[in-house]
Amino acid sequence: MEEKQKKQRIGVYICHCGGNISDYVDVEQLRDIVGQEENVAVSKNVMFACADSNQKEMIKDIQEKHLDGIVVASCSPKLHLHTFRGVAERAGLNPYNYVQVNVREQCSWAHSDHPDQASYKAAGLIRAGIRRVSSSEALTNIEVKATKSVVVIGAGLAGMRASIDLARMGNQVVLVEKEPVAGGQMAGKGPVFPTNQKGQELVNTLLGEIRKLPKITLFTSATVDKVTGSIGNFKVDIKVNGTPGEVMSFPAGAILVTTGYESYIPKEGEYGFTEGGRVITMKEFEKMVDSSNSSLSYKGKPVKTIAYIYCVGMRQTKGENKYCSRSCCTAAIHSSIMVHEKFKGIKAFHLYRDIRTYGKNEILYEKSSRLGDTFLMYQEKEPPSVVQGKNIVNVKIKDSLTKKRELELDADLVVLVTGMVPRNDSQDIANKLKIPIGNDKFFNEIHPKLRPVETVINWVFLGGSCQGPKNITESVQSAMAASAKINAIIRKDTLELEPIVARIDAEACTWCGKCQEVCEYDAIFQIETNGKVVASVNDPVCKGCGICAPICPADAIDIAQYTNAEIEGMIDGFSQQVDLNIEKGKSGQEGDAGGMKDFPQIWKSIMENLSEEPKTIPQIAAGIQQPSELVTWHLMTMNKYYIVESAGIDDNDEYFLYKLKNQAK
């Protein structure tokens, strides 16, 4: 690759972050050190780099001191990358001649127990940033034409709500539903919290709105067959009615995935499921309650006592579903309340691990308790036992609320409160759209807080519970956020994409095809130029992941902003010797010859007490004859500084055990 001229006037700004960085990293020394670096024209440390006042100061420096590159040493680029790119643009500097160095999450926070080492590491990272920006190029965003239409996959509540919003904002919408009817999990469902409106009524209301909007085309019994094209101009092939030959193609500027979830189905024998017929799932129970009128009965026998067993298939320490399904507790308690209001004289027992009726749902838990429901708590390692008789089910539980007292009850019906699991076709959708799936098998967004509805594939978005367990309100809110994001993008005639893509050196390329083989996004293809076959990159499709660069035997591929010159410069800068004047003897720093001598006396006592075996806080307090409250305060501080760590729970499941760091349990 052709060597570019290095930057001659670089500005470096080191942020205090209000003490988050400067309390552990010697920002003043770093300012002086980097100020002596070659081609550094400005070196400053500032209280808040992201503050408006500092942004104006940076713009002034760039313009008056003719800076051709800037480095900001502060927090994660995920937070303020676009902030400082905007500063560069407003000052007339190319935004890709800016580098952000993370000295908060990667230095001050990660090494708060060793401030001297945090300072050394920060110096290396800043020098690496200077070397990188000195070799940076002025890049131009990739421009593509946008198609003002959207394909929404999944016609549950989230998909229908998003389609309505998108259509009202002037976009053509193709809504694709795999099942014969729209509505997803809400189709045919009874009353839901908080309005007690029936799920099917919600579905009918949204379907009525869809029928009024000519910009929405709804296909049922249809699946996405193939997705081609590139960002802003996808081509989506839809197979209708399951017929192999009947495929329709639609253009799309964006794709929204709202495929929803499936309910967990207990395994045979799990809490007696399928063994005797009087153990059913929550989904089956809700249908039974909704279809019953004057009395509640199951298989011809009146139901007077119900036992709900929570967390079935969820929060598994050793199983696949390690997550909490969030809405199960609320669904079970709401269902119990509906039973009390509809039928008289029914007793309900709730066998739970934790009650998680968060937010406004707490009202339901209180109401259920006032109606006489009994709540019994069990631990995962000691689940309830369920033995089915002819017309009765015997349930035994070791109740944690009564110090593991074994309680026994006879129920007419056992309801297994199951949660949400990913759909079976999630992997197929992921393969067609190239979007990632997490360890929990749900689709992954880029960031749960900063970019909660976006995927790593530009203009492919997520909404509803295909991302993970959500209640109705959260699912609809998620879908509405995605529709707003989509409209903000495709309403423009031209879309701008980051130019961080693979670049081919046609002179060096000999076309072996290895780059095309490893590209997961189908962004590399073969062309002929000047009588020679070489690789070429579809820029709008390329994600700049870099997997093609190291596989190229001719070294003919570079990644914009991650060129060989930039990466090699970063390595040189980070490995360069750093001379810092570190004050010795501070507690917790390496080089403190006193070792434990600067620890508080109570820390020494706690460490001596834990020297032989893990102990609980009451045991430690008794051993060193100090109040438990004082021991708790110091133990939590010692845990923060990696002196002690948790060692599980005691045999009575009452207290956490603690041990010295690196001590065997």
Side-chain angles (χ1 to χ4, degrees), residues 1-14 30 33-34 37-40 67-78 80-81 84-85 88 93-107 110 120-142 456 497-509 512 514-515 518-521 523-524 535 537 539 542-578:
M1 295 289 179
E2 182 183 350
E3 186 174 346
K4 303 292 191 298
Q5 183 178 357
K6 294 185 180 296
K7 300 293 177 287
Q8 302 298 313
R9 297 186 62 78
I10 299 171
V12 181
Y13 300 85
I14 306 173
L30 294 185
I33 288 172
V34 301
E37 291 289 304
E38 182 182 6
N39 298 331
V40 173
L67 303 182
D68 53 6
I70 55 173
V71 175
V72 178
S74 58
C75 56
S76 169
K78 287 186 176 181
H80 286 299
L81 177 70
F84 297 114
R85 278 186 181 174
L93 180 67
N94 188 282
Y96 296 98
N97 291 141
Y98 145 74
V99 167
Q100 187 164 342
V101 177
N102 186 352
V103 294
R104 189 179 73 175
E105 286 83 349
Q106 292 183 356
C107 288
Y120 278 111
K121 183 177 178 181
L125 290 173
I126 295 171
R127 279 179 166 169
I130 293 170
R131 298 294 194 283
R132 182 181 183 185
V133 81
S134 69
S135 298
S136 65
E137 303 173 32
L139 303 174
T140 304
N141 286 337
I142 300 165
V456 295
L497 308 177
E498 284 195 344
I500 304 173
V501 296
R503 301 179 300 189
I504 309 295
D505 184 346
E507 293 184 4
C509 179
C512 61
K514 291 182 178 179
C515 55
V518 299
C519 181
E520 296 184 4
Y521 305 101
I524 298 178
V537 177
D539 288 348
C542 180
K543 298 298 298 179
C545 68
I547 195 171
C548 55
I551 206 73
C552 179
D555 195 22
I557 304 177
D558 236 344
I559 309 299
Q561 276 224 313
Y562 295 91
T563 62
N564 290 344
E566 289 172 277
I567 299 300
E568 289 168 4
M570 291 172 70
I571 295 171
D572 292 341
F574 189 78
S575 59
Q576 188 176 345
Q577 180 67 36
V578 179

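Residue numbers run from 1 in the order of the sequence given.
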Decide, yes or no, whether a salt bridge links [X] with [Y] under the criterion of side-chain N to carboxylate O below 4.0 Å.
{"X": "R131", "Y": "E568", "value": "no"}
{"X": "E105", "Y": "K78", "value": "no"}
{"X": "K6", "Y": "E38", "value": "no"}

Might you point out which heavy atoms bring [X] and [Y] nearest each other, and give the distance in Å?
{"X": "C548", "Y": "I559", "answer": "SG-CD1, 4.4 Å"}
{"X": "A88", "Y": "P95", "answer": "CB-CA, 4.0 Å"}
{"X": "Y98", "Y": "L81", "answer": "CE2-O, 3.6 Å"}
{"X": "Y96", "Y": "N141", "answer": "OH-OD1, 2.8 Å"}
{"X": "A123", "Y": "V578", "answer": "CB-CG1, 3.6 Å"}
{"X": "E37", "Y": "I130", "answer": "CG-CD1, 4.1 Å"}

Roughly how far, to the nearest 0.5 Å, is [atom2] of [Y] from [atom1] of [X]?
{"X": "R132", "Y": "I571", "atom1": "CZ", "atom2": "CD1", "answer": "12.0 Å"}
{"X": "L67", "Y": "L93", "atom1": "CG", "atom2": "CG", "answer": "8.0 Å"}
{"X": "T140", "Y": "N94", "atom1": "OG1", "atom2": "CG", "answer": "6.5 Å"}
{"X": "I142", "Y": "C542", "atom1": "CD1", "atom2": "SG", "answer": "7.5 Å"}

Go through the steps to decide whether E137 and T563 satisfy the test side-chain contact (heavy atoms from CB on, under 4.5 Å), and finish with yes or no. CA-CA 10 Å; E137 303 173 32; T563 62; 3.7 Å; yes
Any non-hydrogen side-chain atom of [X] less than 4.5 Å from a side-chain atom of [Y]?
{"X": "I126", "Y": "I33", "answer": "no"}
{"X": "V71", "Y": "Y13", "answer": "no"}
{"X": "I557", "Y": "I504", "answer": "yes"}

Donor + acceptor pair across side chains of S136, N97 (<3.5 Å): yes
Going by atom types alone, do Q100 and S74 pair a side-chain donor with an acceptor below 3.5 Å? yes
Treating [X] as the side-chain partner and [Y] as the backbone partner, does any N or O pair qualify as donor plus acceptor under 3.5 Å?
{"X": "R503", "Y": "V537", "answer": "no"}
{"X": "N102", "Y": "R104", "answer": "yes"}
{"X": "D68", "Y": "Q8", "answer": "yes"}

Run N39 and S134 through side-chain contact (heavy atoms from CB on, under 4.5 Å) and show every step you take. CA-CA 8 Å; N39 298 331; S134 69; 5.5 Å; no
Does atom NZ of K543 have more than 12 heavy-atom neighbours from other groups under 6.0 Å away? yes
